[in-house]
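Worksheet: the structure to be examined is printed underneath.
As a basis for the values below, the full set of heavy atoms in this structure was taken, side chains included, without hydrogen atoms, waters or symmetry mates. Just so it is clear, the model here is predicted, and its values are computed rather than measured. Below, read A as the first sequence line, B as the second, and so on, with proteins coming before strands; counting in each chain starts at 1.
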Number of protein chains: 2
Amino acid sequence: MRIGELARRTGVTTRALRYYEEQNLLTAERSASGQRHYAETAVDRIHLIRQLYAAGLSSKTIAELTPCVIDGKATPELLQRLATERDHLDRHIADLAQTRDRLDSVIDGASSNMQTGAPCPRDASA
Amino acid sequence: MRIGELARRTGVTTRALRYYEEQNLLTAERSASGQRHYAETAVDRIHLIRQLYAAGLSSKTIAELTPCVIDGKATPELLQRLATERDHLDRHIADLAQTRDRLDSVIDGASSNMQTGAPCPRDASA
DNA sequence: GTAAAACTTGACGTTGACGTCAAAGGCAAA
DNA sequence: TTTGCCTTTGACGTCAACGTCAAGTTTTAC
């Protein structure tokens, strides 16, 4: 498939796909005229890339780790990198959960204040 | 306390603290000569701000929500905003957990490959 | 065969959260 | 009083992950 179809099927722009290639996150065959052609596996690859981006990894980190993730093979150093990233992610998730809980308690507090008719700093007229 | 001490005690730079003030996330008393002076509560406030940043909120969003979080009071609209952000956060956490699990299985796969002596693309010499 | 759509590279623009000087004034210790 | 760190505002720099033209080529549709 060509770049437009891959973009449609993954929901990322063609600009982003070319950027990923530039960052060595993605490779493509080229037709005689120079157009990119992708295999079906590229769709999953893009999803993986997006997932790692969402996990807070940089393109540089992703570029270093993806051969390992794709092939399931790694040097001890890469394996260590992966474990480190996993731990960072785990910590991050825990922090976010704490933030969510804090938001929850804020929402609870604000709701009960509203039910008891407590005044609001943004609307102290009533 | 002055800005330097607040920076040391919170681990954020003075530049960031001034930036937070510029974005209306933080206020400070001013001495006659114009220097900023902060109350003890500022330390917690900074931690809250950092926490919300880590949750993926923008300075604009934080500026809109923090009076509510600080005071525990809100208009219905603010409450709705909070609930929306909470849901986004919840979804984000779930996505990250999925990514973490994927990393876990990658690490497992790579580890077993190594134990069985499977070759690595980065070190195919052995 | 031709027009529209898709593709190419190249290059400059954008945004958020600061970093990094610079030039000036403020403040506590010796 | 002078030394030396602290603080002030202002303004330009940075970095990642793209957005957005531009100008030209290729493929597709009729």
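A salt bridge links A:Arg9 and A:Glu40; the closest N-O separation between the charged side-chain nitrogens and carboxylate oxygens is under 4.0 Å. Ion pairing of A:Arg45 with A:Glu21 is absent here, as no side-chain N (NZ or NE/NH1/NH2) approaches a carboxylate O to less than 4.0 Å. The residues A:Glu22 and A:Arg18 are annotated as not salt-bridged, no charged nitrogen and carboxylate oxygen being separated by less than 4.0 angstrom. A salt bridge does not link B:Glu77 with B:Arg81: every distance from a Lys NZ or Arg NE/NH1/NH2 to an Asp or Glu carboxylate oxygen is 4.0 Å or more. Using a cutoff of 4.0 Å between basic side-chain nitrogens and carboxylate oxygens, A:Arg86 and A:Asp90 are scored as salt-bridged.
Regarding B:Gln23, its CD atom lies at a distance of 7 Å from the P atom of C:dA17, rounded to whole Å. Here the C1' atom of nucleotide C:dA17 and the CD atom of B:Glu21 are 16 Å apart, to the nearest Å. Rounded to an integer number of Å, the gap from A:Glu29 CD to C:dC7 P is 17 Å. Rounded to whole Å, atom P of D:dT28 lies 12 Å from atom CD of A:Glu5. Rounded to whole angstrom, the span from the OH atom of B:Tyr38 across to the C1' atom of D:dC6 amounts to 13 Å. Regarding A:Ile49, its CD1 atom lies at a distance of 12 Å from the P atom of D:dA17, rounded to whole Å. Between the CD1 atom of A:Ile62 and the C1' atom of D:dA16 there is a distance of 11 Å, rounded to whole Å. Rounding to whole angstrom units, CG of residue A:Leu6 and P of C:dT8 are separated by 11 Å.
The phosphate of D:dT7 has neither OP1 nor OP2 within less than 4.0 Å of any side-chain N or O from B:Arg36. Within the structure, every side-chain polar atom (N or O) of A:Tyr53 is placed at least 4.0 Å from both OP1 and OP2 of D:dA16. Residue A:Tyr19 places none of its side-chain N or O atoms closer than 4.0 Å to OP1 or OP2 of D:dC18. Between B:Arg30 and the phosphate of D:dT9, there is a side-chain N or O to OP1/OP2 separation shorter than 4.0 Å. The phosphate of D:dC6 (OP1 or OP2) has no side-chain N or O of B:Thr14 nearer than 4.0 angstrom. OP1 and OP2 of D:dT7 both lie 4.0 Å or more from every side-chain N or O belonging to B:Ser33.
When each of B:Ile3 and A:Ser31 is assigned the nucleotide of DNA chain D with its nearest heavy atom, B:Ile3 is the one assigned upstream, toward the 5' end. Between B:Arg2 and B:Leu17, it is B:Leu17 whose nearest contact on DNA chain C lies nearer the 5' terminus.
Of the listed nucleotides (C:dA11, D:dT27, C:dG19), C:dA11 has the atom at the smallest distance from the side chain of A:Arg15. Comparing D:dT9, C:dC18, C:dG25 against the side chain of B:Gln35 picks out C:dG25 as the nearest.
Taking only distance into account, the side chain of B:Arg18 never meets the base of D:dT8 through a donor-acceptor pair shorter than 3.5 Å.
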